[in-house]
Structures are given as C-alpha cells and as structure tokens.
Amino acid sequence: MISRGNLQPAHRGYRYQDIATAYVLIRSIVGRYDRVVVDRKQVAEDRIDDLEVAAAGRVVRRQFKSSQDPNRPLTSEDFTRTDSSLRIDRLVLTYVRAGTSPADEYRLCATWQPPTPGDPLTDLLEPIDHALPTIEHWSSRHFRLRSERLWPADAEPAWGALTAYGQPDAEFGRDDVLAFCDRFVIELSLPNASSSLTEPGPLERALIDELSERVGIGRYPNQGRE
C-alpha cells in the first residue's frame with residue numbers, strides 16, 4: 001500500500017473553496033455578473049485559478065487559502081518556499097503567461113492573519129483601503145506587495161526565488177514583477193468555515209444570509225422549508 005499522507009488539510013481547503021465559490025455564485029445571480037469560471041487553469045502551472053469573475057468591465061481571479069488555526073499568519077516563506085503553491089515566481093508566471101489578456105486583478109484570499117512583527121514580509125507589504133471585500137460586509141484586510149522594495153532598481157531582488165529572473169534570457173524580468181504587483185491584492189482575515197450548514201461558521205452564515213436575504217430561500221412562500 002502506498003501512503004498518501006494526511007489529506008484532511010487538503011480536503012478542508014477544498015471545502016472552504018467550495019463554500020466561498022458558492023457565495024460568489026449567489027452574488028453573481030444578484031449582481032448579474034458577466035461570467036464566473038470555477039477551478040479552471042488558463043495557463044501552464046496556473047497558480048491563481050480557483051475562481052474568475054468578470055463584472056463591470058473587470059476580470060478578477062482568486063486563489064483561496066484557509067487554516068483551522070485562526071491565528072495562522074501569512075509569512076515570507078509562503079512566497080519563497082520551494083514547495084509553496086504561492087511561490088512568487090510561480091505567481092508572476094501566471095500573469096506573464098496570460099500574454100495580452102491578463103486579469104485586471106489577481107487576488108490571494110486567505111483566512112490567515114497579517115504577518116507577525118519580525119517577519120521580513122512586514123516591510124514588503126503595503127495596506128490598501130480601496131479593495132472591495134470578497135465577502136460583503138466582512139472586515140477583511142487588504143495589502144499589496146511593495147514592488148520597489150521587493151526588487152529595487154539596480155539591485156538583487158529581496159527574495160531568492162526571483163534571482164534567476166534577472167538574467168537576460170529569463171521568462172520574465174523586473175518590469176514584469178512590478179506590473180504583477182500592481183495587479184496583485186492580498187486579502188487576509190477572511191471568515192473561517194465550520195464546513196457544516198447545520199452548525200454554520202462565519203463563512204456559511206454569510207452564504208445562508210445571501211440565500212435568505214437576496215434570493216429569498218426560506219422566506220414566503222418557502223418559509224416552512226429548511
């Protein structure tokens with residue numbers, strides 16, 4: 001028998017992604033979005049492929065990450081570790097390989113918290129206040145990477161994962177990193193999920209509220225149905 005390790009964290013992550021996707025799909029009905037694409041890769045090794053929404057003339061692609069630990073922080077290693085699905089060069093390649101049709105915004109949506117003091121990532125993050133939350137009325141926190149600090153002009157990039165891309169024959173260069181950072185939003189402190197609609201967590205509660213208040217499920221003439 002081949003051991004596949006503990007798959008429970010992966011399954012919990014998929015459940016979170018499914019619930020968040022269901023929420024956005026309900027929002028798409030109410031808001032009449034132009035297009036919603038679920039879990040489809042657009043380019044080779046696409047790392048931001050969980051959800052694509054086209055609405056009001058803009059295309060936003062999202063990647064969801066969750067943790068059972070409500071205090072789990074985002075760390076610099078999430079962007080630099082070799083085995084991380086969020087390694088920065090893979091994220092930039094997702095943008096570069098889209099060619100002339102990149103998304104207007106690439107967004108990491110996570111239940112994780114901002115980095116802790118002392119993590120080098122704190123100096124590379126810039127808070128932003130104009131981004132709309134993925135879950136309406138939820139006080140998630142939004143950040144952008146400070147591209148000029150991540151890869152200063154006439155200097156080596158701050159993260160070794162980008163060093164090889166300073167070569168003339170690399171698939172992308174510093175200008176592409178700066179352009180990606182302009183489109184990359186990091187949304188943290190998203191609501192956690194219980195993965196149970198009968199004992200809903202904050203994320204399921206948001207989904208149920210949308211179904212009840214916006215769609216009318218459970219209200220007249222369906223008030224007698226659960």
Side-chain angles (χ1 to χ4, degrees), residues 9 13 17 41-52 58-67 69 71-132 134 140-190:
Q17 175 186 337
K41 294 187 181 299
Q42 302 289 351
V43 298
E45 294 190 67
D46 194 337
R47 297 300 174 94
I48 309 178
D49 64 340
D50 284 347
L51 190 65
E52 177 180 290
R58 297 184 77 249
V59 175
V60 178
R61 307 196 76 213
R62 287 178 169 86
Q63 189 72 17
F64 292 99
K65 295 292 181 181
S66 62
S67 172
D69 179 2
N71 298 313
R72 192 276 202 205
L74 180 70
T75 71
S76 56
E77 287 192 351
D78 289 315
F79 295 111
T80 60
R81 202 176 61 245
T82 301
D83 62 347
S84 173
S85 63
L86 298 174
R87 205 175 74 173
I88 186 63
D89 57 329
R90 301 293 100 184
L91 298 181
V92 177
L93 282 170
T94 295
Y95 158 71
V96 169
R97 289 173 177 172
T100 59
S101 55
D104 297 286
E105 180 184 309
Y106 294 88
R107 183 179 292 209
L108 167 63
C109 303
T111 62
W112 306 338
Q113 302 305 313
T116 56
D119 190 305
L121 182 58
T122 57
D123 292 332
L124 297 175
L125 285 186
E126 174 185 17
I128 55 176
D129 57 12
H130 61 271
L132 295 175
T134 297
S140 50
R141 301 175 64 181
H142 302 85
F143 300 86
R144 212 182 284 282
L145 286 171
R146 298 180 187 267
S147 56
E148 295 287 348
R149 293 186 183 181
L150 178 59
W151 196 334
D154 302 320
E156 291 290 311
W159 287 337
L162 293 172
T163 301
Y165 297 93
Q167 303 301 316
D169 59 345
E171 190 169 351
F172 66 80
R174 178 177 180 270
D175 288 346
D176 297 305
V177 173
L178 269 58
F180 169 73
C181 288
D182 283 342
R183 297 171 186 248
F184 185 46
V185 173
I186 300 171
E187 183 178 12
L188 302 177
S189 306
L190 262 71

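A quick note: this is a predicted structure, and the numbers were derived from the prediction, not measured. Count residues from 1 along the sequence.
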- Worked check of side-chain contact (heavy atoms from CB on, under 4.5 Å) between Leu74 and Gln113: CA-CA 6 Å; Leu74 180 70; Gln113 302 305 313; over 6 Å; no
- How about Tyr165 and Phe172: are their ring centroids closer than 6.0 Å?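 Centroid separation for Tyr165 and Phe172: below 6.0 Å.
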Side chain to side chain donor-acceptor pair (under 3.5 Å) with [X]: which residues, sequence neighbours excluded?
X	result
Ser67	none
Arg149	none
Thr80	none
Arg61	Asp46, Glu52

Distance-minimising heavy-atom pair for [X] and [Y]:
X	Y	result
Val96	Glu171	CG1-O, 4.0 Å
Pro73	Trp112	C-CB, 4.2 Å
Arg97	Val43	O-CG1, 3.4 Å
Leu150	Cys181	CD2-SG, 4.0 Å
Ser76	Pro120	OG-CD, 4.1 Å
Ile128	Ala131	CD1-CB, 4.3 Å

- Item | NZ/NE/NH1/NH2 to OD/OE distance under 4.0 Å, Glu105 and Arg62 |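 No, no charged N to carboxylate O under 4.0 Å.
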pair [X]-[Y]: side-chain heavy atoms closer than 4.5 Å:
X	Y	value
Leu125	Leu145	yes
Leu91	Tyr106	no
Ser189	Pro114	yes

- Task: With Val177 as reference, evaluate Phe184, Tyr95, Trp151 under the side chain to side chain contact (heavy atoms under 4.5 Å, CB included) test and give the passing residue.
- Result: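 Considering Phe184, Tyr95, Trp151, a side chain to side chain contact (heavy atoms under 4.5 Å, CB included) with Val177 is found only for Trp151.
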- Evaluate side-chain hydrogen bond (donor to acceptor under 3.5 Å, both in side chains) for Glu77 paired with Ser84, printing each intermediate quantity in order. CA-CA 8 Å; Glu77 287 192 351; Ser84 173; over 6 Å; no
- Main-chain N/O of Phe64 paired to Asp50 side chain as donor or acceptor, under 3.5 Å: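 Yes, Asp50 side chain to Phe64 backbone: donor-acceptor pair under 3.5 Å.
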- Message: I'd like to know if the side chain of Asp104 and the backbone of Val59 have a donor-acceptor N/O pair within less than 3.5 Å.
- Response: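 Yes; at least one donor-acceptor contact below 3.5 Å.
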Mind checking the [atom1]-[atom2] spacing from [X] to [Y]? Nearest 0.5 Å is all I need.
X	Y	atom1	atom2	result
Ile88	Arg81	CD1	CZ	14.0 Å
Asp49	Lys41	CG	NZ	4.0 Å
Arg183	Leu178	CZ	CG	13.0 Å

- Task: Enumerate the residue pairs fulfilling ring-ring contact (aromatic ring centres under 6.0 Å, His included) with a member in residues 72-92, sequence neighbours excluded, ordered by first and then second residue.
- Result: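 Output for this query lists Phe79-Trp159.
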- Task: Any chance you could lay out the salt bridge (Lys or Arg N to Asp or Glu O under 4.0 Å) test for Arg107 and Glu187, step after step, and finish with the verdict?
- Result: CA-CA 7 Å; Arg107 183 179 292 209; Glu187 183 178 12; 2.9 Å; yes
- Message: Please determine whether side-chain contact (heavy atoms from CB on, under 4.5 Å) holds for the pair Lys65 and Thr111, giving the CA-CA distance in whole Å, both sets of side-chain angles, and the decisive distance to 0.1 Å.
- Response: CA-CA 7 Å; Lys65 295 292 181 181; Thr111 62; over 6 Å; no
- Message: Is it true that Glu45 and Thr94 share a donor-acceptor pair across their side chains at a distance under 3.5 Å?
- Response: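 No donor-acceptor contact under 3.5 Å links the two side chains.
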- Taking only residues at least two apart or on different chains, which pairs with a member in residues 172-182 satisfy salt bridge (Lys or Arg N to Asp or Glu O under 4.0 Å)?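 Residue pairs with at least one partner in residues 172-182: Glu148-Arg174.
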- Query: Just wondering, are more than 12 heavy atoms of other shown residues or ligands nearer than 6.0 Å to CG in Asp83?
  - Reply: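 More than 12 heavy atoms, drawn from other residues, nucleotides or ligands, come within 6.0 Å of this atom.
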- Does the salt bridge (Lys or Arg N to Asp or Glu O under 4.0 Å) test come out yes or no for Asp129 and Arg141, once each step is laid out? CA-CA 8 Å; Asp129 57 12; Arg141 301 175 64 181; over 6 Å; no
